[in-house]
Colleague: 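The structure follows.
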Amino acid sequence: MSMKLLLKLGGALLLWIAVYFNLQTATDWLVYDLLGLSKTEHFSAAFAFFIFETPKVLLLLTLIIFLMGVIRSFFTPESTRAVLAGKANLPSHILAALLGVVTPFCSCSAVPLFIGFLTAGVPLGVTFAFLISAPMVNEIALGLLFSLFGWKIAGLYLAMGLLTAIISGYILGKLGMEKYVEEWVYKIPPMDDNPEAGLTAVERVDLGVQAVVEIVGKVWIYVLLGIAVGAGIHGYVPENFLASLLGATWWSVPLAVIVGIPMYSNAAGIIPIVQALLAKGAALGTVLAFMMAVTALSLPEMIILRKVLKVRLIATFIGIVALGILMVGYLFNAIM
Amino acid sequence: MYNVIVYGPGCANCTNTEKLIRQVLTELDVPFTLEKVTDYQAMAEAGIMSTPTVKLNGQVMSKKAKVPTVDEIKTWLGKA
């Protein structure tokens, strides 16, 4: 790594730290000194919350997305496939779920990736473990959960998402459903690996910056909405408004999953909803199950998958993943 | 002559990639053909695993699963 790049990165990090740790002071000064709002009024508290929370969340998000962008530059679908080919044991399912988090993946390439994995000899269950984890446990979901709700919830989401992917993939593999993959898929000759030249440190940092520009540029509006919801509905909707409906009752988790499956949204889009649900007394397990169902299973994705999978396999896939999410929801509600 | 193929099923990233490449090529005023492949089977047969993938004169240019920048496209064209 060149000296110049190191200095730039160091400078950026120092600036980040300086801003991040002075946010509270700056907010207090702006809201109570400069604007002269009263400290006791409800509106000024909500306003101060918004002014403080917005840059804080965006700063955290920027840092996480940047780091993930750099980490992802070390992985390609091809390298991941090469690692996963051949083995159908439990460790390979775990590895597949983990690689799903760090391999660059756009949900519209799920089908080409699926074919690429199978033709290279990656077992069906391992392929599914990857395909379940990749859209569900990604840098946007983790970055947003971490910035808005803290590392505990982000960590739990990560662990539970991985667990769902590993178990679902493993079961799908054990069921021997290879015959429910469309025949033409197995007739595709194995692909070349088209190895790409290694990237330089500057290029990796560049990819991190590009990820920040692209992702933060896209999701900031949802973040703002989420924070505004958090600040705004406070006091206007009764605190435990949803507790009876979506609290830790036995049927709140299945309800969240059933509502979540047909919905199609990325992690950013449902953040305002998650924020609102949590603020108003919905149980954490219920909310996370909802978020997982929305991101991991969606109607458009199933229609696309129909091109390579027969209905029976798609139905089994939905059933097993939904069951996994259900258990995650119950587990969360039980331990929190 | 630049022969460009963009592989992608038609999500926003793929459409934008095609648009951007067309724009750069048109601005540079060079002769080119630009083809978009959306069929999964054709993609698989070409060995494409992430989308959008851009092929220029038969060579894979990008597998980063993201929309290239104008500068990146120009660098590719310089290499071909």
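Side chains included, hydrogens not; waters and symmetry mates left out as well; all remaining heavy atoms used. None of these values were measured; they are calculated from a predicted model. Residue numbers start from 1 in every chain, and the chains themselves are labelled A, B, ... in the order their sequence lines are given, proteins ahead of strands.
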Colleague: What is the distance from atom CG of L113(A) to atom CD1 of I48(B), rounded to the nearest 0.5 Å?
Modeller: 12.0 Å
Colleague: According to the salt bridge (charged side-chain N to carboxylate O under 4.0 Å, His left out) rule, which pairs have a member within residues 15-39 of chain B, sequence neighbours left out?
Modeller: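 Sorted result for residues 15-39 of chain B: E18(B)-R22(B).
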Colleague: How close do E45(B) and I188(A) get, heavy atom to heavy atom, and via which atoms?
Modeller: CG-CD1, 3.7 Å
Colleague: Show which side-chain atoms of residues 302-317 of chain A pair as donor or acceptor with protein atoms under 3.5 Å away, not counting sequence neighbours.
Modeller:
unit_1, atom_1, unit_2, atom_2, d
R306(A), NH1, E182(A), OE2, 2.9
R306(A), NH1, L309(A), O, 2.9
K310(A), NZ, E183(A), OE2, 2.7
R312(A), NH1, Y180(A), OH, 2.9
T316(A), OG1, R312(A), O, 2.6

Colleague: Return the CH2 to OH distance between W184(A) and Y40(B), rounded to the nearest 0.5 Å.
Modeller: 9.5 Å
Colleague: Are side-chain heavy atoms of I115(A) and M43(B) found at a separation under 4.5 Å?
Modeller: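 I115(A) does not reach M43(B) side chain to side chain.
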